[in-house]
Amino acid sequence: MGHPVERESGEEAVSELPPGQRLQRGWPVTHYGPVPKFRPERWEFRVFGATADGEKRCWNHDEITALPYASVLADLHCVTKFSMLGAEWGGIPARTILEIAPPAASVTHVMVWAEYGFSSNLRLSDFAAERTIFATHKDGELLTAEHGFPLRLVVPHLYAWKGPKWVRGIEYMTADRRGFWEERGYHNIGDPWSEQRYSYQEEPGDGPEL
Ligand SMILES: Nc1nc2c(c(=O)[nH]1)N[C@H]1C(S)=C(S)[C@@H](COP(=O)(O)O)O[C@H]1N2
Ligand SMILES: [Mo]
């Protein structure tokens with residue numbers, strides 16, 4: 001087991017290994033498919049689906065990076081059993097996006113969309129969690145291309161596939177739908193503390209039928 005680390009805020013938020021995980025030193029690169037090339041002139045972040053006012057919203061790279069910057073301490077738990085502990089992620093809290101482009105009252109889930117059609121679905125409550133963040137930085141440095149530059153989602157309390165690299169937008173949904181890995185055998189919710197690794201472990205109500 002890892003050792004809980006006392007943080008400045010006094011909370012023991014990170015740096016303990018969930019069951020079945022082992023500590024990874026360094027930061028490996030793990031993803032499916034190629035690393036996309038960032039083209040600022042074509043890049044935009046979109047919020048669509050069931051927005052409160054029915055309108056889509058769109059920000060270019062300058063506009064997204066001009067949003068208030070925050071940072072969170074969080075671990076990264078890959079479902080293939082390695083965990084990287086104690087990273088500081090900097091960027092735009094998911095709550096900021098919820099404030100500036102609010103969902104309709106009927107929204108229950110969010111699909112996070114990334115380059116090449118990669119996606120991951122989250123319950124609205126997981127997306128709205130205090131530490132969920134669209135990261136532009138890790139440990140004070142800009143993300144590298146292979147780690148998701150210019151924007152990746154970090155959902156500290158879920159397995160890392162729930163945090164797409166190269167994010168391009170979110171879709172507000174009034175019913176749950178499976179994302180890329182959730183359709184391909186991974187658990188619909190993905191809580192590492194209860195080892196929700198695979199879809200065959202799902203209980204009724206954990207996700208839409210496969
Ligand atoms: N777009 C995209 N994001 C992704 C993935 C992917 O395949 N595509 N893999 C996820 C998985 S399984 C993990 S463990 C983390 C790995 O992040 P890292 O390469 O920065 O360590 O990215 C997640 N985000
Ligand atoms: Mo992973």
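Along the sequence shown, the residues carry numbers beginning at 1. Start at 1 and go down the list; that is how both ligands and their atoms are numbered.
Note on ligand 1: Pro28 sits in its first shell, one or more heavy atoms being nearer than 4.0 Å. Residue contacts with ligand 1 include Arg152, since one or more of its heavy atoms lies under 4.0 Å from the ligand.
Proximity of Trp161 to ligand 1, defined as any heavy-atom pair under 4.0 Å, is shared by backbone and side chain alike.
In the candidate list Val167, Thr30, Val29, Thr30 is nearest to atom 9 (N) of ligand 1, counting heavy atoms. Of the options Phe118, Tyr159, Trp166, Phe180, the smallest heavy-atom separation from atom 6 (C) of ligand 1 is shown by Phe118. Selection from Tyr116, Tyr32, Trp27, Phe82 by nearest heavy atom to atom 7 (O) of ligand 1 gives Tyr32. Around atom 19 (O) of ligand 1, the closest heavy atom drawn from Arg168, Lys138, Lys165, Met84 belongs to Lys165.
More than 12 heavy atoms of other residues, nucleotides or ligands shown are found within 6.0 angstrom of CD on Glu41. At most 12 non-hydrogen atoms from other residues, nucleotides or ligands lie less than 6.0 angstrom from CD of Glu130.
Atoms of ligand 1 found under 4.0 Å from any heavy atom of Pro164, numbered from 1 in the order shown, are 3 (N), 24 (N).
Considering backbone and side-chain N/O of Glu146, none are found under 3.5 Å from N/O of ligand 1. Checking only distances, His31 never comes within under 3.5 Å of ligand 1, N or O to N or O. The shortest N or O to N or O distance between Gly163 and ligand 1 is below 3.5 Å.
Arg178 has a carboxylate O that lies under 4.0 Å from a charged side-chain N of Glu202, or vice versa, which qualifies the two as a salt bridge. A salt bridge is defined here as a Lys NZ or Arg NE, NH1 or NH2 lying under 4.0 Å from an Asp or Glu carboxylate O, and Glu182 with Arg177 fails to meet this definition. Taking 4.0 Å as the cut-off between side-chain N and carboxylate O, Glu44 and Arg168 do not count as a salt-bridged pair. Electrostatic pairing of Arg46 and Glu171 does not count as a salt bridge here, judged by no charged N lying under 4.0 Å from a carboxylate O.
For His147 and Trp27, the gap between ring centers is short of 6.0 Å.
Between His157 and the options Thr132, Asp126, Asp191, a side-chain hydrogen bond (donor to acceptor under 3.5 Å, both in side chains) holds for only Asp126.
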